[in-house]
Undergrad: 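The structure that follows is given in the form of structure tokens.
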There are 2 protein chains.
Amino acid sequence: MTEIRGDVPIGTAARRSGVKVPTIRYWEEIGLLGVSPRSEGNRRLYDAAAVRRLAFIRHARELGFEVEAIRTLLDLQDNPGQPCSPADSIARARLADVEARIAQLEALKHELRRMIEGCSHDTISHCRVIEVLTDHAECRHHVR
Amino acid sequence: MTEIRGDVPIGTAARRSGVKVPTIRYWEEIGLLGVSPRSEGNRRLYDAAAVRRLAFIRHARELGFEVEAIRTLLDLQDNPGQPCSPADSIARARLADVEARIAQLEALKHELRRMIEGCSHDTISHCRVIEVLTDHAECRHHVR
DNA sequence: GCTTGCTCCTCCAATCGCTGGAGAATGTAG
DNA sequence: CTACATTCTCCAGCGATTGGAGGAGCAAGC
């Protein structure tokens with residue numbers, strides 16, 4: 001491949017950043033990337049900075065940041081003179097989310113363990129798994 | 001409301017089961033509920049068993065079981081003579097999922113903590129949050 | 001120069017599990 | 001009889017991709 005000034009087509013950018021091709025196009029569509037320059041034959045071109053941006057977004061997504069949060073983080077990255085407290089509070093909010101989710105999953109884990117350990121592996125009519133689901137169904141739930 | 005033989009309309013079933021009205025209709029549509037009997041005026045009617053089934057499904061969803069798994073669990077519940085090992089393995093698979101997810105979230109939690117704690121709360125150009133995202137972006141990722 | 005095969009383009013539909021709105025019909029209380 | 005609440009069906013949208021169809025471009029070998 002002929003890389004003029006280090007510009008590569010989307011497939012190469014995908015391989016280098018670890019982001020799938022359709023995902024890159026999607027991110028462009030929703031405005032995370034700005035408009036990519038195009039070749040004469042209308043192919044998108046990515047330079048090193050663009051590939052870094054892709055990997056930045058990928059990592060943020062892996063950390064569970066929502067696209068809207070990432071949009072803000074990218075804006076901040078693009079304006080390095082600003083205070084970093086917005087970035088900080090996005091990360092703190094995400095941490096709180098993660099901790100809440102872990103707590104919830106721990107509760108689920110214990111309930112699942114109780115279901116499984118209490119099961120005599122007999123027929124369904126004595127199955128603890130089905131029983132817990134059925135009986136718990138009777139309980140008065142917290143409304144929202 | 002006139003409850004002949006304990007049959008109630010969808011709103012009441014929703015309140016009693018803790019499932020939203022559109023969700024009940026959706027579950028019927030995808031075949032989790034079978035066909036509800038209808039009143040003369042074409043309204044769906046739910047007896048106590050139907051309401052229990054709704055709460056069963058709701059609880060299973062709260063435990064994170066996918067709809068396909070719930071379909072199987074409901075089939076099993078409807079045929080109590082069968083061995084309970086399928087139910088057991090569905091629950092075990094879900095437990096494994098939950099444990100894997102917890103482990104993943106713990107890793108994210110630590111990474112987020114490192115990001116936040118290392119941040120000097122200065123400007124973006126020195127922000128640890130942005131930095132970690134950017135630098136980690138360089139690393140060679142594990143593919144999937 | 002021409003064919004082969006890969007990559008790229010755009011557009012659109014599907015995923016999962018709901019959720020909610022539009023507009024009409026039916027039921028209930030005063 | 002008149003309000004008002006509830007229900008009906010149908011359909012579109014969410015978030016964040018993912019993948020297919022059908023067509024065009026591009027690089028390499030003959």
Undergrad: Measure the shortest side-chain to side-chain distance between A:L76 and B:C127 over non-hydrogen atoms and say whether it is less than 4.5 angstrom.
TA: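 Counting from C-beta outward, A:L76 and B:C127 never come under 4.5 Å.
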
Undergrad: Taking atom CG of B:L54 and atom OG1 of B:T23, what is their separation to the nearest 0.5 Å?
TA: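 Between B:L54 CG and B:T23 OG1, I get 10.0 Å after rounding to 0.5 Å.
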
Undergrad: Distance check needed: C:dG17 P versus B:Y26 OH, whole Å only.
TA: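 Interatomic distance, OH of B:Y26 to P of C:dG17: 6 Å.
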
Undergrad: Is A:R114 close to A:V132 at the side-chain level, that is, under 4.5 Å between some pair of heavy atoms?
TA: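 Side-chain contact under 4.5 Å: no.
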
Undergrad: As a test of reading the structure: which of C:dC8, D:dT9, D:dT7 is closest to the side chain of A:P9, going by heavy atoms?
TA: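 So the nucleotide nearest the side chain must be C:dC8.
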
Undergrad: Is any side-chain heavy atom of A:R43 closer than 4.5 Å to one of A:R38?
TA: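 Answer no - side chains too far apart.
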
Undergrad: Please list, chain by chain and in numerical order, all residues satisfying side chain to side chain contact (heavy atoms under 4.5 Å, CB included) with A:L108, sequence neighbours excluded.
TA: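 In terms of side chain to side chain contact (heavy atoms under 4.5 Å, CB included), with neighbours along the sequence ignored, A:L108 is linked to A:L105, B:L63, B:R94.
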
Undergrad: Does the side chain of A:Q77 reach to within under 4.5 Å of the side chain of B:T134, using non-hydrogen atoms?
TA: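 A:Q77 reaches B:T134 side chain to side chain.
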
Undergrad: Below 3.5 Å between N/O atoms, which protein atoms pair up with nucleotides 20-24 of chain C? Just atom names and distances, please.
TA:
none

Undergrad: Quick one: A:F65 CZ to D:dG15 C1', roughly how many Å, whole number?
TA: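 Taking CZ of A:F65 and C1' of D:dG15, I get 17 Å after rounding.
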
Undergrad: Got a donor-acceptor pair under 3.5 Å from the side chain of B:R43 to the base of D:dT6?
TA: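 Under the 3.5 Å cut-off, the side chain and the base do form a donor-acceptor pair.
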
Undergrad: With nearest nucleotides of DNA chain D determined for B:E29 and B:R44 from heavy-atom distances, which residue corresponds to the more 5′ nucleotide?
TA: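 The residue whose closest nucleotide sits nearer the 5' end is B:R44.
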
